[in-house]
Amino acid sequence: MNEHAVDPTDQPDQTGQADEDWWARGRHPVNVGQLVMGLAFLGLVTIWAVLAADALDGDALRWLLPVPWLVAGAAGLLATTVGAARRR
């Protein structure tokens, strides 16, 4: 090994005990921000696909565009609530 090489065994352990418990059970903590934005993006792409396929007209946008934001927000609140309940 040369003088600039890093030995991975010399690195301190950056994971906490709580993270190890999650991974040992086959689960990991949910990143709520990524969940919300991913669901919102998926919903907006779905609306775009429906409108591009001419399944709905442009007047449907008025009531259709808020739906992904409401669903994503509800999922974020649910994930936050369930995560907080499991920690207690």
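This one's a predicted model, so the numbers in the text were calculated from it and none came from an experiment. All heavy atoms count here, side chains included; hydrogens, waters and symmetry mates do not.
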d(L39 CG, L44 CG) to nearest 0.5 Å is 11.0 Å
A40 versus P68, closest heavy-atom pair with distance
O-CB, 3.9 Å
Which heavy atom of V32 sits nearest to which heavy atom of A79, and what is that distance?
CG2-CB, 4.2 Å
Quick one: pull up CH2 in W48 and CG in L65 and give me the separation to the nearest 0.5 Å.
14.5 Å
Taking atom CG of L77 and atom OG1 of T81, what is their separation to the nearest 0.5 Å?
6.0 Å
Pairwise distance CH2(W63) to CG(L56) - rounded to 0.5 angstrom:
6.0 Å
Starting from the C-alpha separation in whole Å, work towards a yes-or-no answer on side-chain contact (heavy atoms from CB on, under 4.5 Å) for N31 and L35.
CA-CA 6 Å; N31 186 330; L35 172 71; over 6 Å; no
Are L51 and W69 connected into the same hydrophobic cluster when the rule is that any two of I, L, V, M, F, W, Y join if their side-chain heavy atoms are below 4.5 Å apart?
yes
Nearest 0.5 Å, please: how far is CG in L64 from CD1 in I47?
4.0 Å
